[in-house]
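In what follows, a single structure is set out as structure tokens and then discussed.
Chain naming here is simple, since letters A, B, ... match the order of the sequence lines and numbering starts at 1 in each.
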Amino acid sequence: MNMIHNLPWLFLLLPLVVAAIDWVCLNKHPRLAATLSLLSAAATLGLCIAYLTGLQTGTPGVYTWMPCSLEQLCLHLGLVMDPLAMRMMLVVTGIGLLVHFFSIGYMKGDPSNLSRYYAGLSIFMFSMSTIVLADNLAMTFIGWEMVGFSSYLLIGHWFNKASAADAAKKAFITNRVGDFGFLLGILLTLGFFGTMNFADMAGKAAGIAPAVLTVTIVCLFCGAVGKSAQFPLHVWLPDAMEGPTPVSALIHAATMVAAGVYMLVRLQVSMGTEAFTETACNIIAWTGAITAIIAAIMAVQQDDIKRILAYSTLSQLGYMVMAVGLLAGEAAMFHLYTHAWFKALLFLGAGAIIICCHHEQDIWKMGGLTKRMPLTVLCFMMGTCALIAIPGFSGFFSKEAILDAALSKNPVFFWIGAGVAALTTFYMLRLCIVAFMGPARDHGAEHAKEAGFTMALPLVILAVMAVISGYGFIANDLVPFNGFHAHGFALGLPFYVSMGALALGILLALAIYGLGGRTKDPLAGNCISKALRNRLYIDALYDKVIIGGLQQGFAHVMEFLDCYIIRGIICQTLVWFTVRIGYLCSWLQCGSLRAYTLVSAMGLIILILLLAYQF
Amino acid sequence: MFETSLCQILFCVLAALAILCAIGVVAYRNPVNSAMCMAVCFAMVAAIFFGMGAQFLGIVQLIVYAGAILVLFLFVVMMLDIHDEGHSKSIRWHSCVGVFIAGITAGLIFNVAISLPGATDTPCPVKTLCASAGELLIGDARQVSAEPTACTQYGGALPELNAAAAASMENPSISAEEAAKATSISDVKLIGKCLYTHYNIPFVILGFALLSGTVGAVALARKIRKD
Amino acid sequence: MIPLAHYLILSGILFSIGLAGVLIRKNIIVVFMCLEMMLTAANVALVAFSRAQGTAGVPVYDAQVLSLFITGIAAAEVAIGLALIVAMFRARRTVESTALNSLKD
């Protein structure tokens, strides 16, 4: 029995089985659970590397989960093993392994149930692999919901903390809004393309009306808006930082939030770019651009180190979505790939700093960390350089690729991108200057010392990747896009503009924050700062209008219906009738023996009539 | 012929007495009078049983009903020292209703009795009686009523008792000549045979019912101790 | 001999009188007597049918056995019923059936 062609299923089964074992059997043995999860992540990474280096096992089997008489309505579970998927798997499993490793140091001594934590990580690995390897939209959707679920579990890992529980709920419910659109989009795809299988979609877009295509693509895009935290639904991602920092690195920076971009690019590849009509592309690109810019603006006035990074993630995701909307899938995937490495680095670095400063997340209570934890700060600075696109670091290449694409398609997006780049430089330098330079402003930072081996090793590996992953000799083989060619140095308008933006950001940051002598933010205190700190009041607006207004209004209507229509009219009428009928019938139960006998006698007469006379 | 008419006269007298006494049970206001009337009524019924040749049942009727049960009734009536019922309007109204209902029942039974198959020339209005048992089980008896003469043995006088046949049934080993010598039926033997063979288990269960009735009566009627 | 119909009519009349007594009388002992009378009426009908259904002049003794059972059950019933009446009289000092309505409230 040759089952070797089913080897890729291990990508899904291994983490799933490990998660089940962790969750069910190993509640009392967190170390064993951590080892198992780490081993499963390592095994999947090894498998992934084997496939990337040319292992061939044939086509993996397709499993029909829900059979149906109509072939296209069957729910198949199949794996797609093209370079797009496998290289994405490398990002997922690679960063996954490093995060598992980092978690051992980060979660040491945490009083919560660590088996649950590692089980959650393994569930996440399983669900993310499902999204990446799915060969049809239905399976993608299953993985989609599963990552939402595991994200919920991990954000709410410290569920005793009210803010963590609320954030988990918020993430889950906000995603649900996007998922509704995604589900509609899947059904529309099934209806108009006649299939959910990516492989069968090619070329079918030509025969479909543009309006229908637009609606379908926009509905599918809704899913990406939810999962990748784009503008109207971006509110959950900053709150998701309540979870453990390694989780933020893995799920809310590197992989899960990129799933929306991956899904869009996967659709672009399988449906063909002709399926993405101009209207749909405009909607996608503008959503990305708006997200990029408002997230960058909001990041400028955040004090929590993880929140700054979260807004930066939002902003970079906006970049990617914008690139997808500009039909530059290769640029989007390039940026996704470089961003995954350096953003994971930044988050893990932030995690190390937070642990070493005794769980202090406010950058204004840090300071002077350069001397106390030089390795961590060095790694963090490398990540920062990649993020702000200093030439030579990976982020530079991918950002240039996006800006190039924007300039050739629509210059408006180019200038937006450049502005966001300047803002990115500004807020990242603000973070670095305030947190690392000057004197220590709190005793947590005073007693900080270098993180242990388990935390340092992933940082170093990621720092290396943050530098080199953008160069052609690595990127050409590893960027999750078929036939990708790395973007080299090219002098031209995009290069000059991005250098200008970089210089502008650096100068502004140095001018305002100096070299770390300040103890509080000189920009704070005015109304703009207040608005930015309050996230431009978008969350408050949702609270007031959607939750307070719409939901409460709806609740009032329902309450009215419940109280007056259902309880008042329907129930009361029924009760009234029942009571009347009861009173009417109660004369039968008069308590008089004779009356009962009378009824019995009448029954006897009826019996005689029925039996003897056969009426 | 004379014997037949004597039988009829006797039956009519006994039946009339029984009915009169039954009315007396209902009509007398004093329970003691009612109980005495009941005794007479049951005795008359026992006499009618004798007339039908069911001597054993007649004796049981006398012993159990007219003897034991009546004594029990009288005993309770005496023990409780019950007064007469008073007059009231509701009594009269209830009487009307009761007599009306009872009248309807009697009328229905009367109609059934006189229209038994074979008793009259006209087709029997009581459909059930016209159909044989098997047909009844299967379905609609209305279709069966097309043959009103399905069973005719209910018409006319009851068949004469045949002592010889009963004797041979009682003891199948005796010869026909010996059986022919029998002059009367000893129905005790026949009933006993039936009772202790076919109805053995129900008979035992009846014994248990009587036992539990006795125990229950004692349990109910004893004085309940307060502690 | 007397036709079956006559016995049945006698049985029906006795039964109806018993029924009327149950309906009319308030005294529960008399009601009980009337119940016994109804059972006796059933016995009359049973014995009459046992004769009528008989073959070759031999009655069907199953019917008579059934009537014997009725007598036996009636005896047990009287024992229990009278004990109940005694208990009821102890509790309420009355044997009027109209007094037995406390379950209604």
Chi angles and distances behind the side-chain contact (heavy atoms from CB on, under 4.5 Å) call for C:Val65, B:Ile191 = CA-CA 6 Å; C:Val65 168; B:Ile191 288 180; 4.1 Å; yes
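- Top candidate by heavy-atom pairs under 4.5 Å with chain C, chosen from B:Gly53, B:Gly216, B:Ala54, is B:Ala54.
- Residue C:Phe15 touches chain B through its side chain alone, counting heavy-atom pairs closer than 4.5 Å.
- We find the CE-OG1 distance between C:Met38 and B:Thr105 to be 8.5 Å, quoted to the nearest 0.5 Å.
- The contact between B:Phe49 and chain C is made entirely by side chain atoms (from C-beta outward), counting heavy-atom distances below 4.5 Å.
- Counting heavy atoms from C-beta on, the side chains of C:Leu23 and B:Ile101 come closer than 4.5 Å.
- For B:Leu206, the part sitting under 4.5 Å from any heavy atom of chain C is the side chain, from C-beta outward, and nothing else.
- With a 4.5 Å cut-off on non-hydrogen atoms, B:Ala15 touches chain C through its backbone and its side chain both.
- Ring pair B:Phe11/C:His6 is parallel by interplanar angle, where below 30° counts as parallel and above 60° as perpendicular.
- When every heavy atom of B:Pro31 is checked against every heavy atom of C:Asn27, the shortest pair comes out as CG-ND2, 3.3 Å.
- Neither the backbone nor the side chain of C:Ala41 comes within contact range of chain B; no heavy atoms are under 4.5 Å apart.
- Looking only at heavy-atom pairs under 4.5 Å with chain B, the residue among C:Gly72, C:Ser11, C:Ala87 that has the most is C:Gly72.
- Residues meeting the side chain to side chain contact (heavy atoms under 4.5 Å, CB included) test with C:Leu84, sequence neighbours left out: B:Leu220, C:Ile80.
- Proximity to chain C involves both the backbone and the side chain of B:Val25, based on heavy atoms less than 4.5 angstrom apart.
- Annotation: side chain of C:Leu68 is in contact with side chain of B:Phe56 (closest heavy-atom distance under 4.5 Å).
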For side-chain contact (heavy atoms from CB on, under 4.5 Å), just list the numbers for B:Lys193 and C:Tyr61, CA-CA rounded to whole Å, side-chain angles, deciding distance to a tenth of an Å, and then say yes or no.
-> CA-CA 9 Å; B:Lys193 199 176 168 189; C:Tyr61 280 105; over 6 Å; no
Between C:Leu14 and B:Val45, is a side-chain contact (heavy atoms from CB on, under 4.5 Å) present by the stated rule, with each step listed?
-> CA-CA 10 Å; C:Leu14 280 181; B:Val45 170; 3.9 Å; yes
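- For a heavy-atom cut-off of 4.5 Å, chain C lies close to B:Ser34, B:Ala35, B:Met38, B:Cys41, B:Phe42 in residues 33-43 of chain B.
- Pairing each heavy atom of C:Ala75 with each of B:Ile69, the nearest pair is CA-CD1, 4.1 Å.
- Residue C:Ile73 touches chain B through both its backbone and its side chain, counting heavy-atom pairs closer than 4.5 Å.
- Within the 4.5 Å cutoff, no side-chain heavy atoms of C:Ile9 are placed close to those of B:Ile109.
- The environment of OH in B:Tyr28 is sparse: at most 12 heavy-atom neighbours from other residues, nucleotides or ligands sit within 6.0 Å.
- Distance check: C:Ile13 CD1 to B:Ile19 CD1 gives 4.0 Å after rounding to the nearest 0.5 Å.
- For chain C, the option among B:Phe203, B:Tyr199, B:Phe73 with the highest count of heavy-atom pairs below 4.5 Å is B:Phe73.
- With a threshold of 4.5 angstrom between heavy atoms, C:Val95 approaches chain B through side-chain atoms but not through N, CA, C or O.
- The closest side-chain heavy-atom distance from C:Ile85 to B:Leu80 is below 4.5 Å.
- C:Phe69 is listed as a side-chain neighbour of B:Leu195, based on a closest heavy-atom distance under 4.5 Å.
- In this structure, B:Phe110 and C:Leu8 have side chains that are not in contact, with every pair of non-hydrogen atoms separated by 4.5 Å or more.
- Here OG1 of C:Thr40 is found 4.0 Å from OH of B:Tyr65. Values are rounded to the nearest 0.5 Å.
- Residue contact with chain C, scored on non-hydrogen atoms closer than 4.5 Å, involves the backbone and the side chain of B:Ile23 alike.
- Counting all heavy atoms, side chain and backbone alike, B:Ala102 lies closest to C:Ser16 at CB-O, 3.2 Å.
- To the nearest 0.5 Å, the span separating CG on B:Leu20 from CD1 on C:Ile17 amounts to 8.5 Å.
- Chain C forms the most heavy-atom pairs under 4.5 Å with one residue out of B:Thr214, B:Ile48, B:Leu72, and that residue is B:Leu72.
- Two residues are said to be in side-chain contact when any heavy atoms from C-beta on lie closer than 4.5 Å; C:Asp62 and B:Cys194 meet this criterion.
- Taken from CD in C:Gln64 to CE in B:Met52, the straight-line distance is 8.5 Å, to the nearest 0.5 Å.
- Counting all heavy atoms, side chain and backbone alike, C:Ala79 lies closest to B:Gly213 at CB-O, 4.5 Å.
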